[in-house]
Peer 1: 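Here you go, one structure.
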Amino acid sequence: MTLLDTPALGRGLLTGERYLAELDDGRELYLDGRRVDNPAEHPAFRPAAEELARLLDLQHDPAHRDLLTWQDPDTGQRIARAYQPPRTLEDLRLQRRSAEFWHAEALGQHGRSPAFMASIALGVYDFRHQLASSDARFGANAEAWYRHVSSNDLVLSHALGDPQIDRSADPVDDPDLALRVLEENEHGIVVRGAKQLTTLAPLAQEVLVYLSASFTQRRGEQFVVWFALPLNTPGLLTLCREPLGSSPWGHAHPLGARFDEQDAMLFFDDVLVPWDRVFLLRDGELARKGLGRINAWSAYIGHVRYRERLRTLLATATLVAESIGVDGFRNVQEDLGRLAGYAELTEYFLDAAEARAKVTDSGLLAPGDTAASRVWSAEVAASAVEIVRKIGASGLLMQPTAGDLANPRLRPHLDRYMRGRGIDAEHKSRLFRLAWELTGDGFGQRQDLYEYVHRGDLTRNRINIYHRYDQSSVRERLLQLIDTPAPEEAQQ
Ligand SMILES: Cc1cc2nc3c(=O)[nH]c(=O)nc-3n(C[C@H](O)[C@H](O)[C@H](O)COP(=O)(O)OP(=O)(O)OC[C@H]3O[C@@H](n4cnc5c(N)ncnc54)[C@H](O)[C@@H]3O)c2cc1C
């Protein structure tokens, strides 16, 4: 059956159980040089997969179902809220509230929540008429794929970037530098190459492959392609990075243990992409135009997550400050105020995206573009983390392990000298380890790097804002002022 025959009713909302079972799909997944048969059963992936499963189950909880899901009036089927095509401001705000719920549960640590990727699938659906203008089949494919992923509630990942081999070279001269279309045949296109860094790929069901802005401007049209594939497609290899979620030293790594989404390199070993899964081919202009369009909702959902991450950093910094009695000092309160200001600003940006929402050519309501807020988010990310590190200082490192706390010879010393203000040594060590996970250890560093780069190249984003910002009226006024003699000059 091709995607175009996808029935209007899929298998419906995922349950945690179905999600975990479907990860056992025979995909070619590698960790540390070894093939992983089933990520849901592997100790490096299981905790994060189970956390996703727990959150997916909340969609079925009568207490949350109406917020997290939407009943499609045409089919009667419930789909995840993020897959709902929004037509009114109320629809958009419900998507925001639903994402707020998920990201509050995940403390802002899920960059690739299913909702984030669902909103990109929604963007592909919204852009279908433009895709059809390039090739009628591609518009129909985009619509069928959206129906397939939304009605089956699939967990998705996305891959945009080329492998980091030589950024000064052109793929036309060395085709390994970018994923390319090797041939077109009656079944589809055959692609060869790699994509660098696809978050959640080991725990997702499908990957959407497209291009970031700079890569759409390349010379060879064979490098311009958008498509989607299940992660168990023959010839598709997924290589994981080193896991960051577990520690040999036991207690209190609550974030890494639950939220290490994994990042992966994808190798396409002459992979056949069936025609019904191709959305765009050899059209750089359209790919460039499409990037902002298909990410309109994900930028909004991504901002909801960022707000929650800032709120988590603020609450952690406050708890740490209180636990060592520095919360009353002016300089510490100033830093906490700076963090609180960041969190508050993210809320204004979300309100602005709603206030500037526009109806697209397909009739959906897309959040307004607040590109400057995305640049700002990357700019302040490091300073938000820095505040927690500054307040926690040496305590972020020097905490007893579970073994230390269980040692009767050490324990009296720990209780006496490693307690905090009003808290015992064990609670303090758990709190500070969480703060270290957020801001210092491998997991924290990964989250920090994510914050800096995941919105795309900061330099390019700043240049884009500069180019599109309308300065004409103030320029005009300044030029008039320069050309008009000042009163004292006129009298001379
Ligand atoms: C944790 C994490 C998760 C991510 N998740 C995803 C994901 O799910 N899907 C996905 O597609 N991507 C993902 N990314 C990739 C992310 O989008 C890229 O890291 C980002 O776009 C920057 O690209 P790069 O890492 O290849 O850096 P490069 O492009 O290699 O840049 C390296 C440095 O060189 C500079 N540079 C590069 N080219 C030029 C040039 N032409 N002129 C001047 N300076 C230049 C850059 O500014 C930068 O400082 C993720 C990245 C991280 C770290």
Side-chain angles (χ1 to χ4, degrees), residues 48 52 108-121 123-124 155-171 176-179 193-219 223 225-229 231 238-245 255-256 259-268 287 290-292 294-295 298-299 301-302 305-306 309 371 374-375 377-379 381-382 385 438 441-464:
L52 275 169
Q109 304 304 307
H110 267 160
R112 292 295 172 272
S113 63
F116 177 87
M117 280 308 306
S119 65
I120 297 180
V124 172
V155 173
L156 308 174
S157 56
H158 69 162
L160 293 85
D162 291 343
Q164 211 174 24
I165 301 171
D166 180 354
R167 295 288 187 233
S168 69
D170 192 311
D176 289 343
L177 298 182
L179 185 81
K195 283 283 176 186
Q196 177 149 316
L197 226 103
T198 309
T199 298
L200 201 72
L203 297 177
Q205 290 157 299
E206 293 211 4
V207 59
L208 172 68
V209 175
Y210 57 111
L211 298 163
S212 65
S214 31
F215 298 140
T216 57
Q217 293 168 22
R218 50 177 53 127
R219 280 190 288 149
F223 302 106
V225 60
W226 288 9
F227 60 87
L229 283 176
L231 279 143
T238 304
L239 172 70
C240 301
R241 62 151 164 77
E242 188 179 351
L244 300 170
L255 300 177
F259 304 120
D260 183 19
E261 298 175 296
Q262 258 294 351
D263 304 295
M265 188 92 189
L266 300 181
F267 301 118
F268 295 81
L291 188 74
I294 71 170
N295 281 295
S298 70
I301 301 291
R305 181 206 55 80
Y306 188 52
R309 174 168 165 79
R374 294 204 298 284
V375 166
S377 300
E379 284 169 346
V385 163
L438 258 184
D441 77 358
F443 175 79
Q445 293 297 321
R446 184 264 175 205
Q447 301 301 80
D448 198 20
L449 186 61
Y450 174 82
E451 227 49 85
Y452 189 68
V453 300
H454 87 96
R455 300 172 188 87
D457 183 62
L458 199 50
T459 303
R460 189 200 62 226
N461 293 344
R462 286 190 185 116
I463 292 171
N464 286 346

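Order of listing sets the numbers, starting from 1, for every ligand and every atom in it.
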Peer 1: Take I120 and N295 through the test side-chain contact (heavy atoms from CB on, under 4.5 Å) and record every step on the way to the result.
Peer 2: CA-CA 6 Å; I120 297 180; N295 281 295; 3.4 Å; yes
Peer 1: Using a strict cut-off of 4.0 Å, indicate which atoms of ligand 1 neighbour a heavy atom of L449.
Peer 2: 53 (C)
Peer 1: Any protein heavy atom sitting closer than 4.0 Å to atom 9 (N) of ligand 1?
Peer 2: yes
Peer 1: Closer than 4.0 Å to some heavy atom of R446 - which atoms of ligand 1 meet that?
Peer 2: 1 (C), 3 (C)
Peer 1: Give a yes or no on whether the backbone of L156 and the side-chain of E206 come within a donor-acceptor separation of less than 3.5 Å.
Peer 2: no
Peer 1: Do you know the tightest heavy-atom contact between T238 and L231?
Peer 2: OG1-CD2, 3.9 Å
Peer 1: What do you think, any protein heavy atom under 4.0 angstrom from atom 42 (N) of ligand 1?
Peer 2: no
Peer 1: Is a side-chain N or O of Q262 found less than 3.5 angstrom from the main chain of A201, in a donor-acceptor match?
Peer 2: no
Peer 1: Look up atom 27 (O) of ligand 1 and tell me if a protein heavy atom lies less than 4.0 Å from it?
Peer 2: yes
Peer 1: Quick check: closest heavy atoms across A194 and F268, and the distance to 0.1 Å?
Peer 2: CA-CD1, 4.4 Å
Peer 1: Counting only heavy atoms, tell me which of R167, Q164, Q445 gets closest to atom 32 (C) of ligand 1.
Peer 2: Q164
Peer 1: Would you confirm whether any non-hydrogen atom of the protein falls under 4.0 Å from atom 39 (C) of ligand 1?
Peer 2: no
Peer 1: Looking only at heavy atoms, which two atoms of P163 and D176 are closest? And how far apart?
Peer 2: CG-O, 3.9 Å
Peer 1: Looking at N461 and V375, would you say the former's side chain and the latter's main chain have a donor-acceptor pair under 3.5 Å?
Peer 2: no
Peer 1: Would atom 2 (C) of ligand 1 count as contacted, meaning some protein heavy atom under 4.0 Å?
Peer 2: yes
Peer 1: Is Q196 reaching over with its side chain to a backbone N or O of Q164, donor-acceptor style, under 3.5 angstrom?
Peer 2: yes
Peer 1: Is Q109 reaching over with its side chain to a backbone N or O of L255, donor-acceptor style, under 3.5 angstrom?
Peer 2: no
Peer 1: Heavy atom of S212 under 4.0 Å from ligand 1?
Peer 2: no
Peer 1: Could you tell me, atom by atom, which parts of ligand 1 come under 4.0 Å of a heavy atom of R112?
Peer 2: 5 (N), 6 (C), 7 (C), 8 (O)
Peer 1: Could you tell me whether T459 and ligand 1 have an N or O pair separated by under 3.5 Å?
Peer 2: no
Peer 1: Are any of the N/O atoms on H158, whether in the backbone or the side chain, positioned under 3.5 angstrom from an N/O atom of ligand 1?
Peer 2: yes
Peer 1: With no hydrogens and no angle check, is any side-chain donor or acceptor of R305 less than 3.5 Å from a backbone partner on I301?
Peer 2: no
Peer 1: Between R446 and E242, does any side-chain N to carboxylate O distance fall below 4.0 Å?
Peer 2: no
Peer 1: Are any of the N or O atoms of L197 closer than 3.5 Å to those of ligand 1?
Peer 2: yes
Peer 1: Would you say A159 has any N or O atom under 3.5 Å from an N or O of ligand 1, going by distance alone?
Peer 2: no
Peer 1: Heavy-atom contacts with D457 under 4.0 Å: which atoms of ligand 1 show up? List them by number with element.
Peer 2: 46 (C), 47 (O)
Peer 1: Which residue supplies the protein heavy atom nearest to atom 22 (C) of ligand 1, what is that atom called, and how far is it?
Peer 2: V453 CB, 4.4 Å
Peer 1: Look up atom 30 (O) of ligand 1 and tell me if a protein heavy atom lies less than 4.0 Å from it?
Peer 2: yes
Peer 1: Is the closest protein non-hydrogen atom to atom 36 (N) of ligand 1 under 4.0 Å?
Peer 2: no
Peer 1: Is the ring pair H158/Y210 parallel, tilted or perpendicular, if the boundaries are 30 and 60 degrees?
Peer 2: tilted
Peer 1: Flag atom 48 (C) of ligand 1 as yes if some protein heavy-atom distance to it falls below 4.0 Å, otherwise no.
Peer 2: no
Peer 1: Please say whether the positively charged group of R309, taken as NZ for Lys or CZ for Arg, lies over the ring of Y450, i.e. under 6.0 angstrom from the six-membered ring centre and within 45 degrees of the axis.
Peer 2: no
Peer 1: May I ask you to list the atoms of ligand 1 that are less than 4.0 angstrom from any heavy atom of G161?
Peer 2: 11 (O)
Peer 1: How far is atom 11 (O) of ligand 1 from its nearest protein heavy atom, and which residue and atom name does that atom have?
Peer 2: L160 N, 2.7 Å
Peer 1: For atom 5 (N) of ligand 1, grab the closest protein heavy atom and report residue, atom and distance to one decimal in Å.
Peer 2: T199 OG1, 2.7 Å
Peer 1: Ligand 1 and D263, any nitrogen or oxygen pair closer than 3.5 angstrom?
Peer 2: no
Peer 1: Can you list the residues that meet the salt bridge (charged side-chain N to carboxylate O under 4.0 Å, His left out) rule with R112, with sequence neighbours excluded?
Peer 2: none
